[in-house]
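Just dropping this structure here.
Given the structure is predicted, the values throughout are model-derived calculations rather than measurements.
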Amino acid sequence: MTASIPNPVPARMRGLNRAEICDVNFTEFVRGWNGHRDVAPAPHEAVLDGSALDAAGFRELFESQLISRHLDLMARVLRVQNKVFYTIGSSGHEGNAMVARLTRHTDPAFLHYRSGGFMAERFRKLPGMDPIMDSALSFAASSDDPASGGRHKVWGSKSLWVLPQTSTIASHLPKALGTAMAIETARRLGHPLPIPGDSIAICSFGDASSNHATAQTAFNAAAWSAYQKLPAPVLFVCEDNGIGISVKTPSGWIARNFANRQDLDYFHADGLDLASGYGDVQRAVEHCRRTRRPTFLHLRTTRIMGHAGTDFEIEWRSVEELCAVEATDPLLRSAAIAMESGLMSADEVLALYEATRERCFAAAGEADRRPKIETLEHVIAPLAPYTPQAVMAEATRVDYAGRRVEAFGSEARLPEGQPPRHMAIQINNALHDLFAKYPETLLFGEDVAQKGGVYTVTKGLQKAFGRRRVFNTLLDETMILGMAQGFANLGLLPIPEIQYLAYFHNACDQIRGEAASLQFFSNNQFANPMVVRIAGLGYQRGFGGHFHNDNSITALRDIPGLVVGCPSRGDDAATMLRTLTALAKVDGRVSVFLEPIALYMTKDLYEPGDGRWLTAYPAPEEAMTLGEGRVYLPDSGGEGSDLVIFTYGNGVPMSLRAAREIEARHGWKARVVDLRWLVPLNAAYIVEQAKSAKRILIVDEGRHSAGVGEGVITAIAEGGHGARPFQRVVGVDTYTPLAGAAFLVIPGEQDIVAAADRLAG
């Protein structure tokens, strides 16, 4: 069956707003319908011979399409009245409602912004839900918005397993794949899933986004998994409308690029025609669920009404081209099917169309009257939840003694009974401890399994806990962090490793834009708790260069809601790890455990062989309070108020050595404050330590610009102690060179002494 859809825009309307034109197109098309009408089918008869879609299903899909369309039209009208704050619409993409109908509400969905049809249809999966009101609240940025609490216009629903997306281009694909992989991982581990074991993950995106490096890394990782017969039931839905804002996708490019990829199974469906597209969508969904293989659904769509309300396409596209695009409006085709099949008359179609409009505007009016976010406290409430007592109780919980003994081999080999050790060994002990405590813990990354990591920090973990919990990944930091989010989404506790700090930067958005933002944009309904281990900072000898001595932590300091801890010794590393995992378990937080590489094997402090940087392993009931530093007083005693040195990481033993020389030169009693927690900086603690200081030194091994030292100085100044004499010893704004030249660009002990000399002068 075909519908005759004429060129829809008469000359008199060519200068009008394209949204108005599309609106008028529909009503004129239906009023002017003169096609053949069949006898109305029974509710469960097929609309077309051979179609997988019955009449009742078609009508519901059509209604979902109309809801999506009228939400778009409502947003365009009310935006100019400052009642709606988002106009990127779904017009032309309403066929994605078929994907929602053919999947379950327990299939986790990661959607792009043109998913109005999908959401309207998925709302049918549970009784008592209202897609129009919920969407209107989100458009209006009302604090009653059930998805984000008014923080952003997002498609999301806790009960419908739609995780809110505010992604940069394609950045949600890795975590969608990670979630698909997590379904199978949890099942193999016997970990209870919050969704059925045969669920699939759904991920939608545009044709332009498919070219993004982040998308390509997800496609590659999916194929990499399938090639090894590792289940990865993700349905990639590429909604191909042929354009990205104003840049056209070459005709046929998506099919050419994806149709013949091995280990990424390709299906095509017409998203502009419910009758012909439904069966193909169904085949793709069933294939993904049955085979547990990554599946690529190439869904034909179009884009009408522009990219957003501010996109005046007439300024850069010809009228003829716009008219041709608008003639492919999927709502025209759906209306034609409804009338041609006899399912609905023209009057019934128009009545439904106008009734849907009224519902959307009524909901928008109500949403405009609902409360908005009006205080800063309200804005940031879900950003960084922290319940100190509960976190400390979890961190010090010791009800797993039997599993500890099993993990370490015997009671005699428990680490707290062993002699003092260097930091690498104590981190390894702490990881064994945490794996015994939390059976849902996973550790993964590059070279972490059999090899035990480049620095053997994870040595023995795979042997102790098996290949399902400790495993190597492909060499792709973006995918490592995407997998971590997927595992966390389904209740596992991931500890991914990024091999070097320099390698984090090319995958930073997986933390900045995705993991750390989820609690904020979901109003704390969703969380993806994790502890990201990153080896970094400088001072390695004999193994240098920028990529193995990266001292730039500024990118980490700029991520809202993130926690960054940086230990300088083994016992601190163990108690800090316990706190970070408890923070993940209790409050759903994302954190980074920054491990100073040069201190992994450090044993001595002042003299070779003194063993004064070795530490005993702390008993399992000990943990470190978030934000709490450690204060060192030099061996000569006193309160150390003549000079207070604020530092962290490698700066701690350096400052302690320098303090000895400073006392010999100037007679000053020094106090060295190890911050330990770099994000967020504990301003109150810093001010308290600065109160009694006659002089202040800040030793920051990071770079001069935007480093931790700037935060320390700001805290002191804002705390009312900025008049005290101070000096900052800090790295240079440069990349790190090779060999001995590396030590020219980072602080050294003599730099600290020289700064003290300047204070004395």
Side-chain angles (χ1 to χ4, degrees), residues 92-93 95-96 98-99 102-103 107 109-115 118 165 167 169-181 200-245 247-273 276-303 328 474 476 478-479 482 486:
H93 285 245
N96 56 34
M98 293 186 288
V99 180
L102 287 161
T103 54
D107 291 330
F110 303 84
L111 307 176
H112 76 336
Y113 40 66
R114 303 197 193 280
S115 298
F118 181 101
Q165 285 303 122
S167 302
I169 299 302
S171 60
H172 58 300
L173 274 70
K175 69 180 181 183
L177 173 59
T179 302
M181 298 169 75
I200 65 174
I202 304 158
C203 181
S204 63
F205 51 94
D207 49 292
S209 298
S210 73
N211 299 300
H212 197 279
T214 311
Q216 291 295 323
T217 201
F219 300 143
N220 178 71
W224 181 86
S225 300
Y227 177 74
Q228 299 176 86
K229 295 182 170 51
L230 300 174
V234 59
L235 182 68
F236 291 120
V237 184
C238 180
E239 299 184 15
D240 184 1
N241 63 24
I243 197 167
I245 303 184
V247 180
K248 295 180 180 178
T249 298
S251 179
W253 168 245
I254 298 300
R256 176 67 176 268
N257 198 14
F258 292 96
N260 298 308
R261 286 198 186 190
Q262 292 189 356
D263 298 310
L264 187 58
D265 301 339
Y266 176 89
F267 291 79
H268 180 272
D270 188 353
L272 302 179
D273 189 324
S276 66
Y278 191 84
D280 293 323
V281 174
Q282 185 176 47
R283 280 185 282 276
V285 171
E286 291 177 350
H287 171 84
C288 184
R289 198 177 303 279
R290 183 183 71 256
T291 66
R292 319 305 288 164
R293 284 173 57 86
T295 303
F296 189 95
L297 173 59
H298 181 192
L299 189 68
R300 180 191 175 204
T301 62
T302 190
R303 191 191 77 192
T328 64
L474 71 176
D476 184 343
T478 298
M479 198 58 233

Quiz item: Which atom pair, heavy atoms only, marks the closest approach of T295 to A284?
Solution: CG2-O, 3.9 Å
Quiz prompt | Nearest heavy-atom neighbours spanning A170 and A215 | solution = CB-CB, 3.8 Å
Exercise. Could I get the full list of side chain to side chain donor-acceptor pair (under 3.5 Å) partners for T249, not counting sequence neighbours?
Key: D207
Quiz item: Would you say H172's side chain and S204's backbone share a donor-acceptor pair under 3.5 angstrom?
Solution: yes
Quiz item: Under a 4.5 Å cut-off applied to non-hydrogen side-chain atoms, are F118 and V237 in contact?
Solution: no
Quiz prompt | Side chain to side chain, S225 and M181, heavy atoms closer than 4.5 Å | solution = yes
Quiz item: Which residues satisfy the ring-ring contact (aromatic ring centres under 6.0 Å, His included) test with H212, sequence neighbours excluded?
Solution: none
Practice problem: With side chain to side chain contact (heavy atoms under 4.5 Å, CB included) as the test, would you mind laying out the steps for I254 and F296 before giving the verdict? | Solution: CA-CA 11 Å; I254 298 300; F296 189 95; 4.0 Å; yes
Quiz item: For A269 and D280, which heavy atoms make the closest approach, and how far apart are they?
Solution: CB-CB, 3.6 Å
Practice problem: List the atom of C288, the atom of I200, and the distance in Å for their closest heavy-atom pair. | Solution: SG-CG2, 3.9 Å
Quiz item: Considering only heavy atoms from C-beta outward, does the side chain of L235 approach that of D107 to under 4.5 Å?
Solution: no
Quiz item: Looking at L102 and Q282, what are the two nearest heavy atoms and their distance?
Solution: CD1-N, 3.5 Å
Practice problem: Could you pull out all residues at least two apart from N257 that satisfy side chain to side chain contact (heavy atoms under 4.5 Å, CB included)? | Solution: Q216, W253, R261
Self-check item: Of all pairs that satisfy salt bridge (charged side-chain N to carboxylate O under 4.0 Å, His left out), the ones with a partner from residues 221-244, not counting sequence neighbours
Solution: none
Exercise. Any ring-ring contact (aromatic ring centres under 6.0 Å, His included) involving residues 221-245? Give me the pairs, sequence neighbours left out, ordered by first then second residue.
Key: F219-F236
Quiz item: If you count the non-hydrogen atoms of other residues, nucleotides and ligands that lie under 6.0 Å from CD in Q228, is the total more than 12?
Solution: yes
Self-check item: Heavy-atom pair with the smallest gap, counting every atom of R293 and L264
Solution: NH2-N, 4.4 Å
Self-check item: Note, T301 side chain near R114 side chain (heavy atom, < 4.5 Å)
Solution: no
Exercise. Under the side chain to side chain contact (heavy atoms under 4.5 Å, CB included) rule, collect the residues that match up with R300, sequence neighbours excluded.
Key: H268, D270, L272
Quiz item: Would F258 and H298 count as a ring-ring contact (aromatic ring centres under 6.0 Å, His included) if you check the C-alpha gap in whole Å, the side-chain angles of each, and the deciding distance to 0.1 Å?
Solution: CA-CA 9 Å; F258 292 96; H298 181 192; 8.2 Å; no
Quiz item: So do T214 and P174 actually touch side chain to side chain, heavy atoms under 4.5 Å?
Solution: yes
Self-check item: Within-4.5 Å side-chain heavy-atom neighbours: F110 and L173
Solution: no
Practice problem: Taking the side chain as every heavy atom from C-beta outward, state whether N220 and M479 have any atom pair closer than 4.5 Å. | Solution: no
